[in-house]
Amino acid sequence: MVRLRFAPSPTGYLHVGGARTALFNWLYAKKNNGKFLIRIEDTDTERSSKDFEEIILNSLKWLGLLWDEGPDVGGDFGPYRQSERLEIYRKYAEKLVSEKKAYYAIYNNNNEEIEKSFEKPSNFKNKDYSFVIKFIVPKEGKTYFDDLLKGKMEFENKLFDDFIIIKSNGYPTYNFAVVVDDHLMKITHVFRGEDHLSNTPKQILIYDAFKWESPIFMHIPLILGEDKTPLSKRHGGTSVTYFQENGFLKDALLNYLAILGWSVEKEVFNVFDEIKKFDPSKISNKSVVFDYKKLEWINGQHLRTSPIEKIEKEFLEYLKLVKLKIANVNRAYFQEVITICREKVNTLKQLYDISYPFFFDDFIYEEDYIKKFLLKPEAETILKTAIEKLNKINNFTLEEIEKNLRLIAEELNLGTKKVFQTIRGAVFGKLVTPGLFESIKVLGKQKTIERLNKTLIFRSNYEK
RNA sequence: GCCCCCAUCGUCUAGCGGUCUAGGACACUGGCCUUUCAAGCCAGAGGCACGGGUUCGAAUCCCGUUGGGGGCGCCA
């Protein structure tokens, strides 16, 4: 059975690069009916925090990349937080010392290594000294491994110095902890960022020292910003939280992250449907530039083609997350609004903006509308005629609405653009809305007329 | 400085020695549609980093150069 893990260190939000790494691990585990687990690498006592751990886990949950084992759900190979596994690392490190594959290195206060020993330095308890455990790197030979993406890799051992595996505070270093954990947790495949590529030989050396079999490695190229430097806040939002708060759909983010470096026949898809087609070796072996525009396009595709119930649910979750409220409307109305509005926008944030006048009467009239349409002399007649005509419609259907509004233009001998824009702005306050007839139908006869009247009053007051 | 990875339109990619006058997607430009803005449809512009080889033939293989990225922590 295949077992993969995502091992974030809780020192910040979940970066899209991390999300992509998690996705590939998750995808491969699911494809092979294996297990996907989360391990928290919080051995950096200075920077790690429980808050970040929670945020990262929440981001992962939001994306739907759920795990079989982890710090919150437990599992047979726990604990899943490195800070809770200190005894384990110490034990294994001491085993290496007893086999003369590692040694204690004693430091003075100037941080100079003053002594090496295979005995635990019990007589150095005083404050002027500290000690660590260092792994002994063979001075000759080469270390090899086969990377799923990079192919055969080899590194000269002499390139590496003996390195610390247990810090003076008793915590393990990254390179040591991963090896011990991945082995103990029976990890079969390690998919991680390319920034770990040159760490791998050191880890292989540790696997060898323990005579453990190493997992299969794959190093995924990094995500860059448009200027080819590593994607950072300078380029825009980089955390999953950011995209969540800016109205992106989880499926769209996952979709984009998946095709970023992974080519498929049709670009727009739901990763949950394409698990079986995932092939890690097909991932591009080249660092990629994060394209916000394309993400937004993909988001728009998902927004428009997903079942309305799904969009409804995510829209509601989004509004709650960003603490926006909408008027208390019935569900059918809510769905109708989303249905006509989503045709026009790409994100939930934009969906909120465009649908606002469907939920609230307190919208303000756009400057452009007032200037270009409302204040024109014909406006009053147009609006009055509209009220009159709409009032007479008994069966408030799309056809009837369209017929009557077109009649206004005809009777007043005005262009449809002028007439429709004047009405559009009067009813919704803005010049860009979904189709006028649909919008009015959804809003309803009463409300529409109410607003037309209100606009008329606004207009006369505006003129003073 | 040393080690490692990478190199096709602006961006993401297809391409695995002849089918490439290099295909697609986003973005861009123009057109159609049209009540606004999108969407949709049609069209267009735009690329094999450079230099050597190998070969009858190279985007595809090899070498070098250049460029970009990563690593060389008691960070992960």
Side-chain angles (χ1 to χ4, degrees), chain A residues 7-12 18 41-48 82 105 107 111 130-134 147 149-151 153-156 158-161 163-178 192-202 219 221-224 226-230 256 259-268 282 284-298 300-301 304 341-346 350 354 368-369 373 402 405-406 409 415-425 428 430-439:
Chain A
S9 65
T11 54
E41 312 219 318
D42 54 350
T43 53
D44 183 344
T45 52
E46 296 285 309
R47 296 191 303 149
S48 294
Q82 292 187 327
Y107 289 80
N111 217 14
S130 64
F131 69 88
V132 301
I133 300 181
K134 274 189 166 184
D147 188 280
L149 230 42
K150 311 286 177 197
M153 300 286 307
E154 67 171 62
F155 289 82
E156 302 248 15
K158 67 176 177 215
L159 253 30
F160 308 112
D161 293 325
F163 56 90
I164 295 173
I165 56 178
I166 299 287
K167 310 178 202 172
S168 57
N169 65 1
Y171 277 67
T173 54
Y174 165 75
N175 279 127
F176 187 63
V178 255
R192 69 205 342 177
E194 203 180 87
D195 47 339
H196 288 293
L197 196 55
S198 16
N199 277 323
T200 309
K202 288 184 186 174
H219 292 90
L222 269 18
I223 297 179
L224 311 176
E226 57 206 337
D227 59 355
K228 302 271 189 183
T229 62
Y256 178 64
I259 61 166
L260 191 60
W262 179 38
S263 77
V264 278
E265 334 66 57
K266 58 175 177 62
E267 285 191 316
V268 181
K282 290 249 182 71
S284 158
N285 195 9
K286 166 193 156 197
S287 48
V288 289
V289 174
F290 195 87
D291 187 343
Y292 288 85
K293 284 234 179 77
K294 186 146 190 180
L295 201 211
E296 189 174 318
W297 176 77
I298 296 238
Q301 295 291 317
R304 258 162 259 131
C341 288
R342 69 170 170 177
E343 299 300 325
K344 303 282 159 184
V345 298
N346 286 327
Q350 295 161 1
I354 200 165
D368 255 17
Y369 168 63
F373 296 96
E402 171 159 7
L405 294 189
R406 284 196 188 281
T416 48
K417 177 168 176 177
K418 169 160 262 171
V419 172
F420 293 171
Q421 286 299 74
T422 303
I423 296 172
R424 186 191 306 279
F428 300 101
K430 48 176 81 174
L431 292 173
V432 175
T433 75
L436 220 214
F437 319 130
E438 299 96 295
S439 297

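A note on names: the letters A, B, ... follow the listed sequences, proteins ahead of strands, and every chain is numbered from 1.
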Exercise for the section: Round to a whole Å and report the spacing from CG of A/L260 to C1' of B/U11. Expected result: 10 Å
Practice task
Could you check which nucleotide pairs with B/C32 in any of the strands shown, counting Watson-Crick or G-U wobble with both distances under 3.5 Å?
Solution key: B/G40
Handout entry: Nucleotide paired to B/C48 in any strand shown, Watson-Crick or G-U, under 3.5 Å
Key = none
Practice task
Name the nucleic acid region contacted by A/E265, choosing base, sugar-phosphate or nothing; use a 4.0 angstrom heavy-atom cut-off, strictly under.
Solution key: nothing
Exercise for the section: Using heavy atoms to find the nearest nucleotide of RNA chain B for A/W297 and A/G261 separately, return the residue whose nucleotide is more 5′. Expected result: A/G261
Exercise for the section: Measure centre to centre between the rings of A/Y174 and A/F176, then say whether the value is under 6.0 Å. Expected result: no
Practice task
Starting from C1' on B/U11, measure out to CZ on A/F290 and report it in whole angstrom.
Solution key: 12 Å
Practice task
Between protein and nucleotides 61-76 of chain B, map the contacts as a letter string: B base, S sugar-phosphate only, - none, heavy atoms under 4.0 Å, written 5' to 3'.
Solution key: -------SSBS--BBB
Fill in the blank from the handout: Heavy-atom contacts, protein to nucleotides 33-38 of chain B, under 4.0 Å, summarised as B (base), S (sugar-phosphate only) or - (none) per nt, yield --BBBB
Problem - With sequence neighbours excluded, residues passing salt bridge (Lys or Arg N to Asp or Glu O under 4.0 Å) with A/K266 - result: A/E274
Problem - B/C2: pairing nucleotide in any strand, Watson-Crick or G-U under 3.5 angstrom - result: B/G71
Practice task
For a side-chain contact (heavy atoms from CB on, under 4.5 Å) with A/H219, tell me which candidate from A/T200, A/L149, A/N285 qualifies.
Solution key: A/T200
Handout entry: B/U19 pairs with, by Watson-Crick or G-U criteria that keep both distances under 3.5 Å
Key = none
Problem - Length of the CG-P vector between A/D291 and B/G10, whole Å - result: 14 Å
